[in-house]
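Since the model is a prediction, treat every value here as computed from it, not as a measurement. The figures here come from the full heavy-atom set of this structure, side chains too, leaving out hydrogens, waters and symmetry mates.
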Amino acid sequence: MTSKGVGGQAGTSAPRWDESSGRRQDDAAGGGIVDIHRRDEAARETILNACTGLVRDGRHLTMEAIAQAAGVGKQTLYRWWPSKGAVVAEAMNRRAHTRARVPDTGTVHEDLTTFLADTFAGAAQSANQRMLRRIMAGAQQGSYLTEAVADFTATRREELRELLERGQQRGEIAADVDLGVPVDQAYGVLWYRLLLGHAPLDRQAASGLADNLMASALHR
């Protein structure tokens, strides 16, 4: 009986984990030690990029379609994700993290401005705009995208909240401020402008929003 790995390649048996080296043994290669971490990460990246492309282009999304677009076996997807919604959520989060990492400049105002500017810039890219609008539209219909949006927004909210909590610990934000409110306000502006398209998502908007939040919701 054969087993398939990344790309659907057949092997004689499943690889074993070598505890001493922290790597797997590839029986098909004569029992030699093979570091597969890089290969797995490359495969994961390929799959997530393929998923993003399908969603962005409005294609019908299934686990089979993602696997075919990525050039891997469907069992590879199920090794890492339980559903297509989970694949979409990770693809969205990875793209967001690539563009908007959580900064730590030493002041909450600068951290907030940088984070919002990077987040807005990523969402303003035409390809990302199409993807985010389609995902949000699908989520309202109770599809698998509801799971993806819930996971994505929860992750992004938590990152912004952690940024603000650092400011609170440094005494830049009052201890009694409910941080959930400014988090809602920040992402409310993002999604409102993204979905309606009535105003730009640019650095000026991000800077103005950060100033307003610091002067009102986050004021000591």
Side-chain angles (χ1 to χ4, degrees), residues 41 44-45 48 52 55 80-83 85-125 127-129 131-140 145-220:
E41 181 59 26
R44 198 179 190 102
E45 185 73 18
L48 294 173
T52 297
V55 174
W80 289 321
W81 299 282
S83 67
V87 185
V88 173
E90 183 167 335
M92 293 171 66
N93 278 317
R94 180 166 295 205
R95 289 177 72 87
H97 293 157
T98 298
R99 182 74 197 196
R101 298 183 181 276
V102 181
D104 189 0
T105 65
T107 68
V108 69
H109 194 172
E110 183 62 28
D111 286 349
L112 182 60
T113 301
T114 300
F115 182 81
L116 292 176
D118 289 346
T119 299
F120 282 16
Q125 294 177 350
N128 288 340
Q129 280 189 15
M131 181 180 71
L132 291 171
R133 286 169 177 165
R134 283 173 175 155
I135 286 173
M136 183 58 75
Q140 305 313 303
L145 290 174
T146 303
E147 169 193 350
V149 169
D151 184 282
F152 172 67
T153 55
T155 299
R156 299 302 290 165
R157 285 177 54 83
E158 183 58 29
E159 289 175 345
L160 179 52
R161 187 182 183 92
E162 288 176 2
L163 182 157
L164 298 176
E165 285 176 346
R166 281 205 309 264
Q168 209 167 40
Q169 291 165 3
R170 291 193 297 256
E172 299 173 87
I173 299 172
D176 60 350
V177 170
D178 178 2
L179 298 181
V181 174
V183 169
D184 281 346
Q185 291 175 318
Y187 284 117
V189 171
L190 169 67
W191 283 104
Y192 191 73
R193 292 196 175 199
L194 177 68
L195 296 177
L196 296 185
H198 68 291
L201 284 167
D202 55 17
R203 187 168 187 86
Q204 182 178 354
S207 179
L209 176 58
D211 290 347
N212 287 333
L213 289 176
M214 291 302 301
S216 56
L218 301 176
H219 184 64
R220 294 187 64 190

(message) Tell me the closest heavy-atom pair linking R101 and F115, and the distance in Å.
(response) O-CD1, 3.9 Å
(request) For a side chain to side chain contact (heavy atoms under 4.5 Å, CB included) with L179, tell me which candidate from L163, L160, I173 qualifies. (result) I173
(request) Check whether any side-chain heavy atom of T113 sits under 4.5 Å from a side-chain heavy atom of R203, and report yes or no. (result) yes
(request) Could you pull out the closest heavy-atom pair between A123 and L201, with the gap in Å? (result) CB-CD1, 4.2 Å
(request) Determine whether more than 12 heavy atoms belonging to other residues, nucleotides or ligands lie under 6.0 Å from atom CZ of R133. (result) yes
(message) So does T105 get a backbone contact from the side chain of D111, meaning a donor-acceptor N/O pair under 3.5 Å?
(response) yes
(message) Quick check for you: to the nearest 0.5 Å, what is the distance between R157 atom CZ and D184 atom CG?
(response) 4.5 Å
(request) Determine the minimum heavy-atom distance between A186 and L116, stating which atoms define it. (result) CB-CD2, 4.0 Å
(message) Using only atom types and a distance under 3.5 Å, with no angle test, would you say the side chain of E90 pairs donor to acceptor with the backbone of A86?
(response) no
(message) Show the nearest heavy-atom pair for residues S83 and E147, with the distance to one decimal.
(response) OG-OE2, 3.3 Å
(message) Let me confirm one number: the CH2-CZ distance from W81 to R44, rounded to the nearest 0.5 Å.
(response) 4.5 Å
(message) I want to check something: taking the side chain as every heavy atom from C-beta on, are R156 and L190 in contact at a cut-off of under 4.5 Å?
(response) no
(message) Using modelled atom types and a 3.5 Å cut-off, is there a donor and acceptor pairing between side-chain atoms of Y187 and backbone atoms of T153?
(response) no
(request) Could you tell me the separation between the CD atom of E159 and the CG atom of L164, rounded to the nearest 0.5 Å? (result) 12.0 Å
(request) Rounded to the nearest 0.5 Å, what's the gap from OG1 on T155 to CE on M92? Could you check? (result) 10.0 Å
(request) Would you check if R166 and V108 make a side-chain contact, meaning some heavy-atom pair closer than 4.5 Å? (result) no
(request) Determine yes or no for a side-chain-to-main-chain donor-acceptor pair under 3.5 angstrom, with S216 supplying the side chain and N212 the backbone. (result) yes
(request) State, to 0.1 Å, how close R193 and A205 come at their nearest heavy-atom pair, and which atoms those are. (result) NH1-CB, 3.4 Å
(message) Regarding E172 and H109, do their side chains bring together a donor and an acceptor under 3.5 Å, going by distance alone?
(response) no
(request) Output the distance between atom CD (E158) and atom CD (E165), rounded to the nearest 0.5 Å. (result) 6.5 Å
(message) Using side chain to side chain contact (heavy atoms under 4.5 Å, CB included), reason through V102 and E162 one step at a time and then give a plain yes or no.
(response) CA-CA 9 Å; V102 181; E162 288 176 2; 5.9 Å; no
(request) May I ask you to test the L213-Q185 pair for a side-chain heavy-atom distance under 4.5 Å? (result) yes
(request) Can you measure from CG (L209) to CD (Q204) and round to the nearest 0.5 angstrom? (result) 12.5 Å
(request) Using modelled atom types only, decide if a donor and an acceptor are shared between the side chain of N93 and the backbone of A89 within a distance under 3.5 Å. (result) yes
(message) Looking at every heavy atom in both A96 and F152, which two are closest together, and how far apart are they?
(response) CB-CE1, 3.9 Å
(message) Using a 6.0 Å cut-off, check whether atom CD of E45 has over 12 heavy atoms from anything other than its own residue.
(response) yes
(request) Using a 4.5 Å cut-off on heavy atoms from C-beta on, say whether the side chain of V87 contacts that of W80. (result) no
